[in-house]
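All values derive from a computational prediction rather than experimental measurement.
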Amino acid sequence: MRRSKYYIPTQKEIPQDAEIKSHIIMIKGGYIRKLSAGIYTLLPIAQKIMIKIANIVRKHMNNAGFSELVMPIVSPKELWEETGRYDIYGKEMMKFNDRHKREFVLGPTHEEIITDLVRKTVKSYKELPLGLYQIQTKFRDEIRPRFGIMRGREFLMKDAYSFDSTKEHAVTTYKKVEKAYNDIFSEMELEFSEVAAQSGPIGGDTSKEFMVHADVGESIILKCEKCGYVSNNEKTELVEIKNEKEVPAPMEDIETVNIKTVEAVSGFLNVNKSKIVKTILVRAADKFIAVLLRGDRDLNMDKLNNILGVDASELALEKDFVKLNLPSGFIGPFELPIKDIYADISVKDLCNFVIGANKKDHHFKNVNIGRDINIDKYYDLSFAIEGDKCPKCGGSLDSFHGIEVGHIFILGNKYSKSMKAFFVDDAGKRQNFEMGCYGIGIGRTMASIIEQKYSKEKGMYWPLCVAPCDIDILLLNTSDEALVKVGDELYNELGKTGIDTIIDDRNINAGVKFAESDLLGAPIKIVIGRKYLENKKFEVVYRKNNEKQFMDHDTLIKYIKEIIGIKI
RNA sequence: CGGGGUGUAGCGCAGUGGCUAGCGCGCUCGGUUCGGGGCCGAGAAGUCGGAGGUUCAAAUCCUCUCACCCCGACCA
């Protein structure tokens, strides 16, 4: 295309609300425009990239035996009530009424819709396994959309669903998708990790996340340097958190006026946070429980919920403390009027520690388990952090940030059961489908590529398979007819071979063209300036390695075909 | 949802009671430059987020409201 006729509304200023690289580049480079919080228009170059990413995903999903369909974005409330997710999904789900006052939702995901479809159409084991996917807009009314399309409310997602006759077959399908995902992200030249993401009731290797390595990633990943075990910090199991043995000192009651937080207690008493045990009051299923954690550890609500066997629990509010007549900021396990106490393994073997005294403005010092308080069982309740022990081999865990671009999951019969989705097996018996679901954020993948491939010095580099165009010709001087002719001829010649070329034929400053070219990130950049007229050599940069070369016409064509050939 | 912040030209911002609201970038026109968002000149462009109030006088003070952004949602 000719840049003069193409729509790429760039801007020089960094938008006020853009914080991360990909967001800044996408706004400056004319990829996206915000319409409302978390809602964006995809402009032509972004749309081209999205289509290419989607097509790579399609190719590998098709290979894995899945068929593409498209489900409606709007679905009736009743379907969501069948699984109970109408309430569980809560405020994230955008709800509205039609003119007849019937209630509908904008699909945040499509398990219910696909299960409904399959239960109505698939009746026999002979039709299984069945794999279906769509590339569809999703809407989730996120609490806090941010980072441009990285965490938007409206976003494009590939979501796939599998239906198998047995658990074993479901695992086979799951493995196929796992392979497909590895191929997809590898093809896009992303550095990523496949990360364990589930330790709950289903257990085992039944859920994995695909994480693109990036400092701005919202997920924290732990990796064992010794055995290579990788997991999301939300899911990393902890077997042991070491505490030093000490000679017990006598317990003391200390006045701590208005000293409420671990931070404050630590400073006031001059003790390390790891020598404080915090008592967290949690409301779970209409009753209150207390959780004991070492002061430097954070409570992982997911782990707690799994242990309690509840879907959700929440921290007690100030009014709960009032109701229970507990002094907020000073509660502790000593004579606590809450009988359900869950202690984290970080508290085990801890000696001479500090706890709240259950008395306003008082803490106890030198508390010891067995002597002052009793704990008969320890649970794994905290987030793993760098330096913790690997649950597999005992090695040390390292941590880094990642962007979750894909998630694969074995669902079992959770949906097929609640929605009464059956098939008849080879023994003539009615069975629930064994399901799996598999997502990839298409827009988020695009943003992730920018996070990894853009640098201030070299500009953006889009891998050929996803690039908004293959070649970017910078025609620096449009008032020089001879040069214009050279540019046009090259542009037309490449166009005829089907190579996707853009030529910057605008009558503007060279600096602007270079700056915008760095934002566009076409893998091959060709510069035609006055220097060309001297020696008839094109300046060519392959952005992947940022190598600048000068070559004559025939060499250039050969070079381009070589590089583009890699793609085909 | 809690806390904080911001809304003034397309974008980034200045303007804390006083005349006709400014600056940079962008845009238009003219000139110049012609390999890293260049330079000179001229110009177009604003219901100062909205509503109400205080005042002789409001972008500026007050109330309400809307939108957007940031932090938090680990507090024991």
Base partner of B/G46, which must satisfy Watson-Crick or wobble distances under 3.5 Å: none
Watson-Crick or G-U wobble mate for B/A21, both contacts under 3.5 Å: none
Assert: residue with more 5' nearest nucleotide on RNA chain B, out of A/Lys260 and A/Ala510, is A/Ala510
Rounding to a whole Å, what distance do you find between A/Ile25:CD1 and B/G37:P? 16 Å
Where at least one partner belongs to residues 29-38 of chain A, residue pairs that pass side chain to side chain donor-acceptor pair (under 3.5 Å), sequence neighbours excluded: A/Gln11-A/Arg33, A/Asp17-A/Lys34, A/Tyr31-A/Trp462
C1' atom, B/C64 versus B/C23: distance in rounded Å? 33 Å
note: A/Lys12, atom NZ; B/G26, atom C1'; distance rounded to Å ~ 9 Å
If you assign A/Leu293 and A/Glu19 each to the RNA chain B nucleotide with the nearest heavy atom, which residue ends up on the more 5' nucleotide? A/Glu19
Give me the distance, rounded to whole Å, that separates B/U54 from B/C62 when you measure between the C1' atoms they each carry. 7 Å
Set of residues satisfying side-chain hydrogen bond (donor to acceptor under 3.5 Å, both in side chains) with respect to A/Lys48, sequence neighbours excluded: A/Asp500
Using the C1' atoms only, state how far B/G53 lies from B/U60, rounded to an integer number of Å. 15 Å
Under a 3.5 Å limit on both distances, the Watson-Crick or wobble mate of B/C29 is B/G41
Between P of B/G36 and NZ of A/Lys531, the distance in whole Å: 9 Å
Distance test, side-chain N/O of A/Ser36 to OP1/OP2 of B/C68, below 4.0 Å: yes
Looking for any heavy atom pair under 4.0 Å, which part of the strands does A/Asn300 touch: base, sugar-phosphate only, or nothing? base
Between residues 513-528 of chain A and RNA chain B, which residues have a heavy-atom gap below 4.0 Å? A/Phe514, A/Ala515, A/Glu516, A/Asp518, A/Leu519, A/Lys525, A/Val527
Tell me which nucleotide, if any, is Watson-Crick or G-U wobble paired with B/G2 when both distances must be under 3.5 Å. B/C71
Length of the line joining A/Arg506:CZ and B/G37:P, which is rounded to integer Å: 14 Å
Considering only B/G35, B/G37, B/C69, which nucleotide approaches the side chain of A/Lys28 most closely? B/G37
Between A/Phe538 and A/Phe550, is the gap from one ring center to the other below 6.0 Å? no
Scan A/Thr261 against the nucleic acid and name what it touches under 4.0 Å (heavy atoms): base, sugar-phosphate only, or nothing. sugar-phosphate
For atom CD of A/Glu218 and atom P of B/A73, their distance in whole Å: 14 Å
A/Phe330 and A/His362 aromatic centres sub-6.0 Å: no
N/O donor to acceptor pairs below 3.5 angstrom from side-chain atoms of residues 288-295 of chain A, sequence neighbours left out:
residue, atom, partner, partner atom, Å
A/Arg294, NE, A/Asp296, OD1, 2.9
A/Arg294, NH1, A/Lys242, O, 3.4
A/Arg294, NH1, A/Asn243, OD1, 2.7
A/Arg294, NH2, A/Asp296, OD2, 3.0

For A/Ile508 and B/G36, what is the distance between atoms CD1 and C1' respectively, to the nearest whole Å? 12 Å
Nearest-angstrom distance from the residue atom NZ of A/Lys548 to P of B/G35: 13 Å
A/Asp215, CG: over 12 other non-hydrogen atoms inside 6.0 angstrom: no
Mind checking A/Phe383 for me? I need base, sugar-phosphate or nothing, with any heavy atom below 4.0 Å counting as a touch. base
How would you label the contact of A/Leu281 with the nucleic acid (heavy atoms, under 4.0 Å): base, sugar-phosphate, or nothing? base
Closest nucleotide among B/G35, B/C69, B/A73 to the A/Ile143 side chain: B/A73
Using the P atom on both, measure B/A44 against B/G12 and round to a whole Å. 24 Å
Hey, are A/Lys95 and A/Glu103 close enough for a salt bridge, meaning a charged N less than 4.0 Å from a carboxylate O? no
Mind checking what makes side chain to side chain contact (heavy atoms under 4.5 Å, CB included) contact with A/Glu13, not counting sequence neighbours? none
Quantified in whole Å, what is the C1' atom distance between nucleotide B/U33 and nucleotide B/C39? 7 Å
Once side chain to side chain contact (heavy atoms under 4.5 Å, CB included) is applied, do any residues pair with A/Ile259, and if so which ones, sequence neighbours excluded? A/Thr256, A/Ala264, A/Val265, A/Phe268
Suppose you measure atom P in B/C70 against the same atom in B/C29; what distance do you get, rounded to whole Å? 38 Å
List for me each residue that meets salt bridge (charged side-chain N to carboxylate O under 4.0 Å, His left out) alongside A/Asp372, sequence neighbours excluded, and say none if there are none. none
Measure from CD on A/Glu534 to C1' on B/G35 and round the result to the nearest Å. 12 Å
Base versus backbone protein contacts along nucleotides 8-14 of chain B [heavy-atom cut-off under 4.0 Å; B, S, -]: ---BSS-
C1' spacing across the pair B/A51 / B/C11, given as an integer number of angstrom: 28 Å
By side-chain hydrogen bond (donor to acceptor under 3.5 Å, both in side chains), A/Glu263 pairs with (sequence neighbours left out) A/Lys273
Between A/Met460 and A/Tyr454, the two heavy atoms sitting closest are N-CD1, 3.4 Å
Inter-nucleotide P distance (B/A67, B/U28), Å rounded: 35 Å
Could you tell me the Watson-Crick or G-U partner of B/G7, where both distances fall under 3.5 Å? Say none if there is no partner. B/C66
